[in-house]
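These notes concern the structure reproduced below.
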Amino acid sequence: MTKVITYDSTLRDGEQAQGVALSLEDKLNIVRRLDEFGIDIIEGGFPASNPKDIAFFEEMRNNPLKHARIAAFGSTCRKGVPAQDDPGLADLVNSGAPVAAVVGKTWDEQVLRALQATLEENLRMIADSVAFLKEHGMEVVFDAEHFFDGYRANPEYAIECLRAAALAGADSIDLCETNGGALPFEVEAAVASVVEAFSSWDNPPRIGIHCHNDSGCAVANTLAAVRAGATQVQGTINGYGERVGNADLITVIANLELKMGFTCVGAANLRQATGVAAYVAEVCNFAVWKHTPYVGSSAFAHKGGLHASAMARFPGAYEHIDPSLVGNDAHTLVSELAGRASLVAKAASLGFDLSDDPDTVESILQEVKRQEAAGHSYEVADGSLALLVARMLGKYEPYFTLESFRVIVDDREDTGALAKDAQSEATIKVHVGPDRFVATGEGVGPVGALSKALKLALSTAYPQVKDMHLVDFKVRLLDESTGTDAITRVAITTRDENGTWGTVGVSENIIEASWNALVESIEYGLVRQGASRGGEGDGA
């Protein structure tokens, strides 16, 4: 299998995405995770642009990686300045990074209008910069900025810029689709011309590709470049980047390895892909978009009854790969669109065997449809679905019963009509077997206060609740035309040390909907942990 070198730019190009702000520790943690994943080159940022990046390169000098090589990013020397006198190039050398990624212009209009230099001076800047970095023992990646625009406008000059970098010793020439507007057939043709231009060289440089996603083609353009002969691919984890982002490096790697016969990180490491995507998203304070190819939570989710029925007999009908190859899982979603096969498969994943009871399956299916017509949604509420199935099977027994709850929201202002510091207090009274528990919880919001009060009240009988944490809370009005009288659906995601689960509550009263979703989250969490009714222990 032909090796394609992977070049990650999450810490530089990815950090330019709106909403991404990484601390030094964040950057170091991402580097370690990408090194473990098997990425070949990790771009760390500008070595002298800010104190954080300076500290990053200092840390990396003292913490060698197992596999990856760190790249420092910068520009060619300035117009009229010899390379040895350019402070930016000196910063690249002084960074201690083994790889230098140096960006230079290859579009004649950019040279003349933005750089305000002659075409010959631009060639000098490229060649001298690459030669200077090579003289200092660095591996050099030449990033050919706006290459595809330049190639479209003046192919002879664009390739002459690449030749100048190669003659000066560049190890890799990476063609940048900077504007993100090219289409795959254009990229493939241009890359093929570049590969042809170096085909007679005894030791040609690697040809790489760096794509942005403004036309939605970054991954496709990257794959087209590899088809044309590129052997190095640049991208960012989850496609983070300026404007609409960069090529998603994980999607690129998965396609190259699983569809095109190349090797990037290897089959064993590829099974980390879903975990890597989630890890980087978490550090960036995002969630992986559920519909992300290969690694999204819905990438192998099946909702339609026909799909689920076929999946039971022929998984390849609706799954283009085995999800385990990228560390993901297939799962069935149950909704009003579900058929019997969907429900049987989903129930099995929740611990219920319905395969030999078609009448019960039909009854449960009709109840799911009735509940969804009333506003419930079980696609992301496995906990609520499991409790519904248990009720229908006569296996449900509550862990506690509610006597009453009360929520007070209080704010006192004397500076105007707008509230600023509202606080919530919730008092609940519940019964666990013969015992009665009363507890009060405080929080900024009423749901947080209810959650604290409920966990406090139950903690004596069920210490497990202390380890359950509400991690997501969503509210949706199901009939906006009725305003404040609309049916409200609340979806809650809860986490413990063994994973996450979702529950749902529906009511015209948002507090009641929230309470019901909260109660089911606690009850299903106790089911998952095998807590006995009436107290801690093993049981059903």
Side-chain angles (χ1 to χ4, degrees), residues 1-9 34-43 65-69 71 98-99 101 139-144 147-148 159 162-163 165-166 169-177 182 184-211 217-237 239 246-273 276 293-295 320-322 324-327:
M1 297 174 68
T2 302
K3 167 70 174 176
V4 172
I5 293 175
T6 53
Y7 184 114
D8 178 84
S9 187
L34 297 184
D35 182 41
E36 181 183 339
F37 184 44
I39 297 298
D40 297 304
I41 302 174
I42 303 172
E43 190 174 272
L65 300 174
K66 297 177 182 178
H67 172 80
R69 306 187 300 284
V99 181
E139 178 182 345
V140 177
V141 174
F142 176 65
D143 274 352
F147 174 77
F148 293 92
I159 290 181
L162 308 185
R163 189 175 290 112
D171 299 276
S172 172
I173 292 175
D174 288 20
L175 311 176
C176 299
E177 212 284 276
F185 63 89
E186 297 175 296
V187 170
E188 187 165 358
V191 174
S193 295
V194 171
V195 172
E196 174 63 26
F198 291 103
S199 62
S200 62
W201 288 38
D202 291 335
N203 188 26
R206 297 190 304 271
I207 302 301
I209 183 72
H210 175 116
C211 293
C217 293
V219 169
N221 286 342
T222 302
L223 301 179
V226 174
R227 270 176 51 91
T231 57
Q232 180 162 297
V233 292
Q234 292 197 23
T236 62
I237 304 302
N246 290 36
D248 186 335
L249 191 57
I250 288 184
T251 306
V252 168
I253 290 170
N255 279 317
L256 289 175
E257 295 225 2
L258 299 175
K259 301 298 182 72
M260 296 176 65
F262 294 94
T263 182
C264 298
V265 298
N269 282 351
L270 187 59
R271 295 179 185 275
Q272 301 180 41
V276 170
Y294 291 101
V295 299
H320 65 115
I321 64 159
D322 176 353
S324 68
L325 296 176
V326 291

Is the distance between the ring centroids of H320 and Y294 under 6.0 Å?
yes
Is the backbone of C264 close enough, under 3.5 Å, to the side chain of K3 for a donor and an acceptor to pair up by distance?
yes
Could you tell me whether a side-chain N or O of D171 sits under 3.5 Å from a main-chain N or O of V141, the two making a donor and an acceptor?
no
Supply the atom-to-atom distance [X] [atom1] to [Y] [atom2], rounded to the nearest 0.5 angstrom.
X    : Y    : atom1 : atom2 : result
C176 : H210 : SG    : NE2   : 5.0 Å
Y7   : R69  : OH    : CZ    : 10.5 Å
L258 : I321 : CG    : CD1   : 5.0 Å
I253 : T263 : CD1   : OG1   : 10.0 Å

Between [X] and [Y], which heavy-atom pair has the shortest distance, and what is it?
X    : Y    : result
I41  : Q232 : CD1-OE1, 4.1 Å
D248 : V219 : N-CG2, 3.9 Å
V187 : A182 : CG2-CB, 3.9 Å
A254 : V326 : CB-CG1, 4.4 Å
G266 : E257 : N-OE2, 2.8 Å
I173 : L162 : CD1-O, 3.3 Å

side-chain contact (heavy atoms from CB on, under 4.5 Å) evaluation trace for F148 with N221
CA-CA 11 Å; F148 293 92; N221 286 342; over 6 Å; no
Go through the steps to decide whether V4 and V252 satisfy the test side-chain contact (heavy atoms from CB on, under 4.5 Å), and finish with yes or no.
CA-CA 11 Å; V4 172; V252 168; over 6 Å; no
Student check: side-chain heavy atoms of S9 and E43 closer than 4.5 Å
yes
V265, T251, L223 screened by side-chain contact (heavy atoms from CB on, under 4.5 Å) with L256, the one that passes:
L223
Hey, which of T6, T222, D143, D8 is the one that makes side chain to side chain donor-acceptor pair (under 3.5 Å) with Q234?
D143
Can you tell which of N269, D40, D35 makes a side chain to side chain donor-acceptor pair (under 3.5 Å) with H67?
D40
